Participant: 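Here it is, the structure, as C-alpha cells.
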Number of protein chains: 2
Amino acid sequence: MPTSKDVAAAAGVSQSTVSYVMSGKRPISEKTRKKVEAAIEQLTYQPNAGARALASRRTNVLGLVIPLTPDAHVGSLSEFIAVIAATARQHDRDILLVTDEEGTEGLQRVVGQQLCDGLILMQVEADDDRIPVVRKLRVPVVFIGIPNEAEGLSCIDADFALAGRQCIEEFAAAGHQGATVIGWRPESGDRKLNFVDRFLGGAFEQAEASGLALSHVSGSADIASIEAAVDGGIAAADGPPAFASPEEPVLEMLPRILLDRGLKPGVDVSIIGVGTQTKSLGERLRLTTIDLEPRTVSRRAVELLCNFLKDGDGGQRQHLELIPPVVTQRDSTIPSPTH
Amino acid sequence: MPTSKDVAAAAGVSQSTVSYVMSGKRPISEKTRKKVEAAIEQLTYQPNAGARALASRRTNVLGLVIPLTPDAHVGSLSEFIAVIAATARQHDRDILLVTDEEGTEGLQRVVGQQLCDGLILMQVEADDDRIPVVRKLRVPVVFIGIPNEAEGLSCIDADFALAGRQCIEEFAAAGHQGATVIGWRPESGDRKLNFVDRFLGGAFEQAEASGLALSHVSGSADIASIEAAVDGGIAAADGPPAFASPEEPVLEMLPRILLDRGLKPGVDVSIIGVGTQTKSLGERLRLTTIDLEPRTVSRRAVELLCNFLKDGDGGQRQHLELIPPVVTQRDSTIPSPTH
DNA sequence: TTGAAAGCGTTACCAT
DNA sequence: ATGGTAACGCTTTCAA
C-alpha cells in the first residue's frame with residue numbers, strides 16, 4: 001500500500017504538501033497540486049484511516065446502534081439502515097454498527113476506543129436505559145425516537161401526534177361523526193416505545209376538537225379479532241363508519257371484511273392506512289394513507305449528527321425534530337355528505 | 001481520554017508492559033498484572049482503535065456490503081445484519097457498513113483506506129460485477145450467495161438445491177404422484193440471483209428420481225393468479241394435489257383457496273412453505289416448512305471470515321459452504337395412502 | 001507557497 | 001519477566 005510519503009517522493013514535494021492538497025486546508029499553487037494529484041492517481045494512493053484518525057482525532061465514522069430484535073412497527077429496519085449508511089457517505093462518513101445486545105457498554109466501548117465520532121440510536125424507548133450513559137458521553141448523539149425526558153438531547157422521529165390528528169381531520173372532512181382506530185399490536189407498544197401513545201394522543205385531541213367520536217382497539221394479526229373490531233366500529237357509528245390502522249395485515253383484510261358486511265370502501269366507509277411503507281400498499285388497496293417517512297427521518301438524523309460534528313466538536317445540543325407525515329388521499333375516502 | 005502511557009505511569013510499569021498485559025502476548029507476573037489491571041480499571045482506560053490499527057496493521061473491523069434496495073426474498077435483511085454484527089462481536093470485531101450504492105469503488109475504498117480487514121458481500125448475483133474487483137483485493141472476502149464462477153472464492157448460502165429436493169421427498173413420502181411449485185415472483189429472480197434456479201434444479205432432479213410429476217409457476221401477490229395456479233395444480237394431479245411455495249402471501253392464501261374448492265389441507269392436499277421466517281408462519285398455518293436458516297448462514301459467514309483472518313493474513317481461500325435447510329413437519333402433510 | 005519535524009497512541013523488536 | 005524505543009502513516013505547528 002502506498003503512503004503519503006510515497007506520493008510526496010513521486011511528486012517531488014514534502015509529505016505535508018500532500019496532506020494539504022488532500023485536505024485543502026491551505027492554498028497550493030496550481031502547478032504543485034497537479035503534480036501531487038497525478039502522483040496520487042498514479043499510485044492509487046488512499047490515506048490510511050487509522051493514521052488519519054490518530055493524527056486528527058477524528059475517525060469520520062458514525063456509530064449506529066441498532067436493535068437486535070426489531071420491533072414490529074419499524075417496518076423495514078433495513079431501510080433505515082441503508083438510508084443512514086448512504087446519507088453518511090454523502091457527508092464523507094462511514095457507519096459502524098453497534099447492536100443494542102451489547103447494551104450501554106457497547107456505547108462506551110465504541111466511543112472509548114474512539115472508533116467513531118458520534119452516535120445515532122435507533123428504537124429509543126420512553127424511559128431509555130441508555131440516556132444517563134449518553135449524557136456523559138462527550139460525543140454528540142442523535143436519538144431516533146422521543147424519550148419522555150428529552151431535555152438536553154437531540155431527538156428526531158416521525159410526528160406521530162400529527163399523524164393522529166391528520167387522520168381524524170381526514171375523517172372529519174369527509175363528514176364522519178365517528179371513527180375507530182385499530183391500533184398497533186400490544187407487543188409493539190408495551191409502554192416502552194411511546195409512539196403509540198403519541199399517535200393516539202394526537203388522534204383523541206383532534207377528535208375532541210372536531211366533535212368526532214373516536215374509539216380505539218389494539219391491532220391483531222388474527223382475523224376473528226379484526227372482524228370483532230370492525231363490527232364494533234360499525235355498531236358504534238352514527239352514520240358511515242371510518243377505520244384507521246397502522247397494521248398491514250389489518251389493512252389487507254379490512255376491505256374484504258367490510259365488503260362482506262355490505263359496505264363499500266370509499267362509498268359507505270372510509271379507511272386510512274398509517275405506516276412506513278404505505279405507498280404501494282395504498283395504491284394497491286386504493287386507500288388514503290398517512291406515511292411516516294422513515295427515509296426522511298433517517299436522513300435527517302445523519303445530517304443533524306454531521307452538523308454537530310462540523311461546527312465545534314464534542315458535546316450534545318438540545319434539538320427536537322418531528323418529521324411531518326405525508327398524507328396521500330385516494331378514492332377510498334367517502335365524499336363529504338351534504339348536510 | 002487516558003492512554004496506555006497514563007496506565008503505565010499509574011501502575012509504575014512501562015508502556016510496553018501495559019500493552020502485553022492487554023494482549024497476553026507474553027508472560028506477565030501475577031503481581032504486575034494485578035497492578036496494571038487495577039490501573040486500567042481505575043482510569044477506565046480503553047485502547048485507541050486508530051493507534052492500534054496503525055501499529056498492528058489490523059483494524060479488527062469487518063466490512064459488510066449491503067444491498068441498498070433489498071430484493072424480496074431476503075426476508076428480513078435486518079435480521080442478517082443484526083446476526084452478523086452480533087457474531088462479529090463474539091469474535092471481538094466490529095462491522096463497518098458499506099452500501100452497494102457505492103459500487104465496486106466502495107470496496108476498494110474501505111480496503112484501500114484500511115478501514116477493515118476483510119469483507120462480507122451480501123446478495124451476490126450469478127455473474128456479479130464485484131467478483132473481478134474482489135479477486136485482486138488482497139483481503140479475505142466472503143460471499144453470501146453462490147455466483148456461477150466461484151473458483152477461488154469463499155461462498156456461503158442456504159442450500160437451495162437441497163431444499164428443492166427435500167420438498168419433493170416430502171411429497172413423495174406422503175404418497176403424492178404430482179406436485180406444483182408456486183415459486184418466487186419473477187422480480188426476485190430476474191436471472192441475477194440464481195437461488196431460484198438452484199431450488200428448481202433440486203426439485204426437478206428429485207421429482208425425476210421419485211417419479212413424481214412436477215410443475216412450476218411463478219409466484220405472485222395477486223389472488224387471481226394464485227387461484228389459477230391452484231386450479232392448474234388440482235387438474236394436473238393424479239390423486240391428491242400438493243403445493244409448495246416460498247412466497248408468504250401465497251402461503252397465507254393457499255389454505256383458504258383450497259378449502260373453497262373442498263380440499264382440506266393435511267387431508268386432501270399437502271402444502272409446504274419454504275423460506276426464511278417459516279417458524280411462526282408454519283405454526284400458525286399448520287404447514288410443513290423448509291427453513292433456509294438465514295441466521296445460520298449469517299453466523300457462518302462471519303466465522304469463516306474470522307478464520308481466514310486468524311491464521312495467515314491476506315488472500316482468499318476457496319470455500320463453498322451450503323447450509324442445509326431445516327424441515328419441520330406439521331400435520332398439513334397428508335398421511336401416506338395405503339397402496 | 002512550501003518544507004521540516006513533532007506529535008498522535010499503539011505494537012513489537014531488541015535488550016537486559 | 002520487564003523496559004526502552006523505533007516504527008506505523010498521517011496532521012499540523014513552526015519556520016522559511
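Computation of the quantities below employed the complete heavy-atom set of this structure, encompassing side-chain atoms and omitting hydrogens, waters and symmetry-equivalent molecules. All chains are named by letter (A, B, ...) in the order of the sequence lines, taking the proteins before the strands, and each is independently numbered beginning at 1. Here the structure is a predicted model, which is why all the values come from computation and not from measurement.
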Participant: So, does B/Ser4 get its side chain near the phosphate of C/dT10, meaning an N or O under 4.0 Å from OP1 or OP2?
Facilitator: yes
Participant: Backbone N or O of B/Leu304 within a donor-acceptor pair of the B/Asn307 side chain at under 3.5 Å?
Facilitator: no
Participant: Does OP1 or OP2 of C/dG3 have a side-chain N or O of A/Ser14 closer than 4.0 Å?
Facilitator: yes
Participant: With heavy atoms under 4.0 Å as the rule, sort A/Ser16 into base, sugar-phosphate or nothing.
Facilitator: base
Participant: Can you give me the first and the last nucleotide of DNA chain D (5' to 3') that has an atom within less than 4.0 angstrom of a non-hydrogen atom in chain A?
Facilitator: D/dG9 to D/dC14
Participant: Nearest to the side chain of B/Ser19, which nucleotide is it out of C/dG9, C/dT2, C/dT11?
Facilitator: C/dT11
Participant: With a 4.5 Å cut-off on side-chain heavy atoms, are B/Leu119 and B/Leu137 touching?
Facilitator: yes
Participant: Which is it for B/Leu62 and B/His91 under the side-chain contact (heavy atoms from CB on, under 4.5 Å) test, yes or no, and what are the steps along the way?
Facilitator: CA-CA 11 Å; B/Leu62 312 178; B/His91 294 257; over 6 Å; no
Participant: Over all strands shown, is A/Val18 touching base, sugar-phosphate only, or nothing at heavy-atom distances under 4.0 angstrom?
Facilitator: nothing
Participant: Looking at A/Asp94 and A/Val61, would you say the former's side chain and the latter's main chain have a donor-acceptor pair under 3.5 Å?
Facilitator: no
Participant: For a quick check of understanding: with a heavy-atom distance under 4.0 Å over all strands, which category does A/Thr32 fall into, base, sugar-phosphate or nothing?
Facilitator: sugar-phosphate
Participant: Where each residue is assigned the nucleotide of DNA chain D containing its nearest heavy atom, which of A/Gln15 and B/Ile28 is assigned the position nearer the 5′ end?
Facilitator: B/Ile28
Participant: For DNA chain C, whose closest nucleotide is more 5', that of A/Glu30 or that of A/Ala55?
Facilitator: A/Glu30
Participant: Grab the CD-P distance between A/Gln114 and C/dC8 for me, whole Å please.
Facilitator: 13 Å
Participant: Using modelled atom types only, decide if a donor and an acceptor are shared between the side chain of B/Arg52 and the backbone of B/Asn60 within a distance under 3.5 Å.
Facilitator: no
Participant: Looking at B/Arg295, I'd like to know if its CZ atom is crowded, meaning that more than 12 non-hydrogen atoms belonging to other residues, nucleotides or ligands lie closer than 6.0 Å.
Facilitator: no
Participant: Mind listing the N/O atom pairs, protein and nucleotides 14-16 of chain C, below 3.5 Å?
Facilitator:
none

Participant: Under a 3.5 Å distance rule, please check whether A/Asn148 uses its side chain to pair with a backbone N or O of A/Asp127 as donor and acceptor.
Facilitator: no
Participant: Distance only, no hydrogens: is a donor on one side chain within 3.5 Å (strictly under) of an acceptor on the other, for B/Ser16 and B/Ser19?
Facilitator: no
Participant: If you look at every strand shown and take non-hydrogen atoms under 4.0 Å, does A/Ser29 touch a base, only sugar-phosphate, or nothing?
Facilitator: sugar-phosphate
